[in-house]
Amino acid sequence: MFMDFREPPMPPPWRPRPRPARLTRRQEKRLGMVLLANVVLMFAAAPLAGSSVVAALLWMTGS
(Lines give C-alpha, C1' and ligand atoms only; values in the text may rest on other atoms or scores of the structure.)
Protein backbone atom coordinates (compact mmCIF):
# COMPACT_ATOMS: atom_id res chain seq x y z
CA MET A 1 0.00 0.00 0.00
CA PHE A 2 1.33 3.45 -0.90
CA MET A 3 1.82 5.91 1.97
CA ASP A 4 2.48 9.55 1.27
CA PHE A 5 4.76 10.97 3.94
CA ARG A 6 4.95 14.44 2.43
CA GLU A 7 3.37 17.22 4.44
CA PRO A 8 -0.08 18.35 3.33
CA PRO A 9 -0.26 21.73 1.60
CA MET A 10 -0.93 24.79 3.73
CA PRO A 11 -4.55 25.96 3.82
CA PRO A 12 -5.32 29.16 1.97
CA PRO A 13 -5.09 32.33 4.05
CA TRP A 14 -8.27 33.41 5.80
CA ARG A 15 -10.12 36.26 4.15
CA PRO A 16 -13.36 37.84 5.27
CA ARG A 17 -16.39 37.17 3.10
CA PRO A 18 -17.08 39.94 0.63
CA ARG A 19 -20.19 41.99 1.30
CA PRO A 20 -23.05 41.49 -1.12
CA ALA A 21 -23.45 44.20 -3.72
CA ARG A 22 -26.04 46.87 -2.96
CA LEU A 23 -28.68 47.85 -5.48
CA THR A 24 -28.70 51.38 -6.75
CA ARG A 25 -31.80 53.51 -6.34
CA ARG A 26 -32.69 52.97 -10.01
CA GLN A 27 -32.28 49.20 -9.69
CA GLU A 28 -34.45 49.14 -6.56
CA LYS A 29 -37.19 51.05 -8.40
CA ARG A 30 -37.01 48.71 -11.40
CA LEU A 31 -37.10 45.63 -9.16
CA GLY A 32 -40.17 47.02 -7.39
CA MET A 33 -41.90 47.59 -10.73
CA VAL A 34 -41.13 44.02 -11.84
CA LEU A 35 -42.45 42.59 -8.57
CA LEU A 36 -45.60 44.69 -8.82
CA ALA A 37 -46.15 43.54 -12.41
CA ASN A 38 -45.73 39.91 -11.33
CA VAL A 39 -48.30 40.30 -8.54
CA VAL A 40 -50.78 42.00 -10.88
CA LEU A 41 -50.32 39.30 -13.52
CA MET A 42 -50.63 36.58 -10.89
CA PHE A 43 -54.12 37.79 -9.99
CA ALA A 44 -55.16 38.91 -13.49
CA ALA A 45 -53.76 36.33 -15.91
CA ALA A 46 -53.17 33.24 -13.78
CA PRO A 47 -56.86 32.54 -13.12
CA LEU A 48 -57.56 32.80 -16.85
CA ALA A 49 -54.69 30.46 -17.69
CA GLY A 50 -55.78 28.02 -15.01
CA SER A 51 -59.36 27.97 -16.25
CA SER A 52 -58.23 27.33 -19.82
CA VAL A 53 -56.14 24.36 -18.65
CA VAL A 54 -59.13 22.96 -16.75
CA ALA A 55 -61.34 23.54 -19.81
CA ALA A 56 -58.81 21.75 -22.04
CA LEU A 57 -58.65 18.78 -19.65
CA LEU A 58 -62.43 18.57 -19.55
CA TRP A 59 -62.58 18.75 -23.33
CA MET A 60 -59.96 15.98 -23.68
CA THR A 61 -61.83 13.67 -21.30
CA GLY A 62 -65.07 14.30 -23.17
CA SER A 63 -67.03 15.66 -20.22
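Positions are given from 1 along the sequence.
In the hydrophobic clustering (ILVMFWY side chains linked at under 4.5 Å, chained through shared members), Met33 stands by itself.
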Indicate every side-chain donor-acceptor pair of residues 9-24 with a distance under 3.5 Å to a residue at least two apart or in another chain.
from: Thr24; atom 1: OG1; to: Gln27; atom 2: N; distance (Å): 3.2
from: Thr24; atom 1: OG1; to: Gln27; atom 2: OE1; distance (Å): 3.4

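Atom CG in Leu36 sits 11.5 Å away from atom CG in Leu31 (nearest 0.5 Å).
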